[in-house]
Amino acid sequence: MLIRRPADIRPSEITPEAVFRSRRRLLAAAGYAGAGLLLGAGAGAAGIPAGHQRLTGVKESPLSSRETPNSFEDITHYNNFYEFGPGKSDPAEQSAGFRPRPWTVTVDGEAGVTGRFTLEDILKPHPLEERIYRFRCVEAWSMVIPWVGFPLGDLLRRFKPTSRAKYVAFETIVRPQEMPGQRSHVLDWPYVEGLTMAEAMHPLAILAVGIYGVELPNQNGAPLRLVTPWKYGFKSIKSIVRISFTVQQPHTTWSAAAPEEYGFYANVNPRVDHPRWSQATERRIGSRFFSPKQPTLPFNGYAAQVASLYTGLDLVRNF
Ligand code: MTE
């Protein structure tokens, strides 16, 4: 099952209008402000520019936040993706030439099943879910993002990690021709990240393939990115081409660049400030610039689900 040709979308996978309509009523009843946007008369009518490929068969998730999602415009025009430049608008402006298909992901390390897999092989068995999550950047801004993806743990289990696998490492593609930021040495390329196995297997950790019901735009990490909503955004590595099961804690880009500023765990913690940003409060992107900042919640509001992962760990030293 290693390298296969991408499968075309079959007509049966195109969701009938009636299904969209009933889902729209359901979401509206649940108070989901984005329902009209997401499930209106198609992406073009939703404030989502034409040309974005809609994802089909996406189920709602009980793990979604009820908070109002940020607009498609906010989510796709205020980004960090240093491969396309260090400015917030660089990823949207510089990523049009990036080609997220065809795509392969190499899986290696402490696992029974390893190899190089097409994106289609990676995605095929996984039903897609919409997960509306709070997203908190270490720079003290936040958003609410309606991701489309599937649980990371469901994918990792397919590779049969051995008992020696204690961590999972991730790597972003290196393509300086398509990623102008990689022609400078602002960071060490490739961008790398990692999680403990327990974190990676947690049901809140997902691999995202879309936002707002359409495929991930390039600037958001097409075609496949990590999302761990209880951690600062820099953990959510984009455009993943390698997943490695490791014995040792993997190197991570930002903690290698500035170890005093960025830790391996990077759990959202209002009590541990970054040298340049107080973490006690955050600014929600899209709110009026002078509106009061809102308090930051431990683990970004997901403490009830994830705090037990860190029992006995000093979260000030292990920041
Ligand atoms: N992944 C790669 N490969 N390169 C990056 O520069 N930036 C990180 C993370 N993933 C980054 C990355 C940071 S700092 C943040 S806050 C989030 O992506 C931003 O995700 P967004 O642009 O979709 O909001």
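In each ligand, atom 1 is the first atom listed, and ligand 1 is the first ligand listed.
In summary, E130 and K59 do not engage in a salt bridge, as defined by a charged side-chain N under 4.0 Å from a carboxylate O. Salt bridge E215/R101: present, at least one basic N to carboxylate O contact under 4.0 Å. Ion pairing of K293 with E282 is absent here, as no side-chain N (NZ or NE/NH1/NH2) approaches a carboxylate O to less than 4.0 Å. Taking 4.0 Å as the cut-off between side-chain N and carboxylate O, R276 and E261 count as a salt-bridged pair.
Taking atom 6 (O) of ligand 1 as the reference point, the nearest protein heavy-atom neighbour is Y82 N, 2.8 Å. For atom 9 (C) of ligand 1, the nearest non-hydrogen atom of the protein is G233 O, 3.3 Å. Looking only at heavy atoms of the protein, atom 18 (O) of ligand 1 is closest to K238 CE, 3.4 Å. Scanning all protein heavy atoms for the shortest distance to atom 23 (O) of ligand 1 gives R225 NH1, 2.7 Å. What sits closest to atom 12 (C) of ligand 1 on the protein, heavy atoms only, is Y191 CZ, 3.6 Å. Counting protein heavy atoms only, atom 24 (O) of ligand 1 is closest to F135 CE2, 3.7 Å. For atom 7 (N) of ligand 1, the nearest non-hydrogen atom of the protein is N80 O, 3.3 Å. Here the protein heavy atom with the shortest distance to atom 10 (N) of ligand 1 is S236 O, 2.9 Å.
Counting heavy atoms under 4.0 Å from ligand 1, residue E139 does not touch it at all. Counting heavy atoms closer than 4.0 Å to ligand 1, residue N79 contributes atoms from both its backbone and its side chain. Contacts between E83 and ligand 1, counted as non-hydrogen atom pairs separated by less than 4.0 Å, involve the side chain only.
Close approach to T172 involves these atoms of ligand 1, each under 4.0 Å from a residue heavy atom: 3 (N). Close approach to N220 involves these atoms of ligand 1, each under 4.0 Å from a residue heavy atom: 23 (O).
Grouping the Ile, Leu, Val, Met, Phe, Trp and Tyr side chains by contacts below 4.5 angstrom, directly or via other members, places V192 apart from V174.
Contact detail for F319 and E260: the closest heavy-atom pair is CZ-O, 3.8 Å.
Remark: of the listed residues Y310, Y302, Y232, Y310 is the sole one forming a side-chain hydrogen bond (donor to acceptor under 3.5 Å, both in side chains) with N267.
The N/O atoms of W254, backbone and side chain alike, include none that comes under 3.5 Å of an N/O atom in ligand 1.
Within a 6.0 Å radius of CG in D273, more than 12 heavy atoms belonging to other residues, nucleotides or ligands are found. Environment of CZ in R271: sparse, with no more than 12 heavy atoms of neighbouring residues, nucleotides or ligands closer than 6.0 Å.
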